[in-house]
Amino acid sequence: MIEMIKVSRTYDPNITALSDISLSIATGEMFFLIGRSGAGKTTLLKLICNMETPSNGLIEVAGYNINKLKGKDLAHLRQKIGVAYQDFKLLSNRTVAENIAIAMEVSYKKPRAIRHRVRDLLEQLQLVDKHDTLTGELSRGEQQRVALARSVANSPRLILVDEPTGNLDASTTKRVMELLTRCNKAGATIVIATHDDSIYQQGNHRIMELRDGNIHSLTRGQLS
Amino acid sequence: MNFWFAVFRQAGRNLRQTWTSQFMTFLTVSLSVLIFAFFYLIYTNMLGAGDRLSDDLRLIVYLEEEPGPQMQEQLRRKIQNFDDVEEIHFISREEAYQRFARQLGENSDVLKDMPKNFLPASIEVIPLKSLRGYNQIKLFSEYLANLPGTEKVQYGQEWVERFYYFTRLLTIVVFLSGTLLILTATFMVAYTIRLTIMGRQDELELLKLVGATNSYIRTPFLIEGILQGFMGSIIGLTALYGLFQWISSHFAGPGLLSLFQFSFFPPIVIFLIILSSICLCSIGSYTSIRKFLRI
Ligand SMILES: Nc1ncnc2c1ncn2[C@@H]1O[C@H](COP(=O)(O)OP(=O)(O)OP(=O)(O)O)[C@@H](O)[C@H]1O
Ligand SMILES: [Mg+2]
């Protein structure tokens, strides 16, 4: 699903966020990205969804060189990639339901189907009572779950999740991971960037640790 | 759900979010359509009246002497030398007297003591319909005045002159109000759309990230422009029509206005005004999209 060959990203006053990352993630894999704050996890995810362009190297997603894609093709590929951003990127003056719906509206889903899907997701994430609340009025943890719901709403083939559990308690974290696991079982490739060792320790997923923009280690989690 | 459904839903959201400035724009567009169409209506009606006036236009050339048949032939040739004319009538003193008597009707007995040749002989020249415009008529009359044996030429100079200058003035006013229409329609629409775009940077950014196509993002703004142009011109023209009805019912009847026979625009002109208003507003929104929607 994702191929990265010698990818680097530097920011202007010679900050190297990532250097020479080569990585291959298979379709249907659940992949964890860990590392200290500032290690380059967010940067890597942004490169994969073409929010940022690499300074060097090649990135292929679903067989497309994502940096060469333009216009309609890029838009269609993005519809197949769901991203939960670390800073959420929610529209604070819109309701929870509207925020989640946006991801489905752009691919012209029927309003009825959208309503159902939104209800379903809110149930899974225990947010049903917030359906009509403006996202600006939610707590961080609630916003985080709305962002996650939006990323998976359109049943994308690839889901990129940045710190999905940073503000959540143990039982809510469990629900979030259950949702992601379900998406993964349904065939979606999932990349999760996190600090939270409770979520990647179980299962035998691959775990890549970044340190100062380099790959420090690539291991498998222990089966519990 | 298809593309157009999504686009109209998005346009509806835009309208709801910025309806005050949208409404101001709508008012401005309708007002400028009203102003332009008002002057243009007067202008077309003036032109119509001008046509009718010049249909009746005839130049009377008063002669010093009663021309003989040979002289008549010569004058006819000289007049036609200048330009072809519709008709030339020679009116002898006798005929002039009789006409005058007929015009006086019952009062014709005042002429009883007058000699039958006290009125001068004249030539009545009806110029071709193609001879339009004040300058041409003036030139022609000067030419006629210089023919041998003419005393003076009459054609209601003052009237024609005033009418001519009034039409000229109207042309300028129509031109200015047309410019006003163009400027306000394009700039106001561009401005409101800019406002909408600025106020929704976050959303547009996000739409891009979740995979909205460019046309999904752009078309709603274009629709807004088209809607402004359409609604604005319809309301502007409706207001003008109301005004027109009011004027024609209050000032109808004999008198000056009957000369003008006020008539409203024919459907094709209405259509063109609406169409150009739509075009201008779309151009306005398009420029804003181009400038501020970095996608
Ligand atoms: N837009 C930017 N301009 C300049 N430097 C940046 C920019 N974005 C990221 N960086 C730098 O790149 C490095 C990696 O940042 P990144 O956000 O990828 O870290 P992270 O691993 O996601 O950290 P965290 O766990 O805190 O989210 C950091 O040193 C950061 O300062
Ligand atoms: Mg980060």
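Protein chains get the first letters and strands the later ones, always in sequence-line order, with residue 1 at the start of each.
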Distance in Å, A:His76 NE2 paired with B:Thr213 OG1, rounded so as to fall on 0.5 Å steps = 6.5 Å
May I ask you to check whether over 12 heavy atoms, not counting those of A:Tyr11, lie within 6.0 Å of atom OH?
-> yes
Would you indicate whether B:Tyr40, at its atom OH, is surrounded by more than 12 heavy atoms from other residues, nucleotides or ligands within a distance under 6.0 Å?
-> no
In plain terms, say whether A:Arg94 and B:Glu203 are close enough for a salt bridge, that is, a side-chain N and a carboxylate O under 4.0 Å apart.
-> yes
For the pair A:Arg78 (side chain) and B:Lys208 (backbone), establish whether a donor and an acceptor sit closer than 3.5 Å, ignoring hydrogens and angles.
-> yes
Closest approach of A:Ala75 and B:Ala212, non-hydrogen atoms and distance?
-> CB-O, 3.8 Å
Which class fits the ring pair A:Tyr108 and B:Tyr216: parallel under 30°, tilted 30 to 60°, perpendicular over 60°?
-> tilted
Should A:Gln79 and B:Val210 be marked as a side chain to side chain contact (heavy atoms under 4.5 Å, CB included) after you check the CA-CA gap, both sets of side-chain angles, and the distance that decides it?
-> CA-CA 6 Å; A:Gln79 288 174 16; B:Val210 296; over 6 Å; no
Quick check: are there more than 12 heavy atoms from other residues, nucleotides or ligands sitting under 6.0 Å from CZ of B:Phe264?
-> yes
Flag if over 12 foreign heavy atoms under 6.0 Å of CZ, B:Phe244 = yes
Pairs of heavy atoms under 4.5 Å with chain A: top-ranked of B:Leu207, B:Leu206, B:Asp202 = B:Leu206
Go through B:Gln17 and A:Asn93 one step at a time and tell me if the side chain to side chain contact (heavy atoms under 4.5 Å, CB included) criterion holds.
-> CA-CA 11 Å; B:Gln17 201 174 23; A:Asn93 55 354; 3.6 Å; yes
Would you say A:Met51 has more than 12 foreign heavy atoms packed within less than 6.0 Å of its CE?
-> yes
Atom group of A:Asn50 that falls short of 4.5 Å from chain B, counting heavy atoms | neither
Residues A:Glu98, B:Arg9: salt bridge by 4.0 Å N-O rule = no
Please indicate whether B:Met198 has more than 12 foreign heavy atoms, meaning atoms of other residues, nucleotides or ligands, lying under 6.0 Å from its CE.
-> yes
Does a sphere of radius 6.0 Å around CZ in B:Phe265 hold more than 12 heavy atoms from other residues, nucleotides or ligands, not counting ones at 6.0 Å or beyond?
-> yes
Side chain, backbone, both or neither: which part of A:Arg150 has a non-hydrogen atom closer than 4.5 Å to chain B?
-> side chain
Under 6.0 Å from the CZ atom of A:Arg182, do we count more than 12 heavy atoms belonging to anything else shown?
-> yes
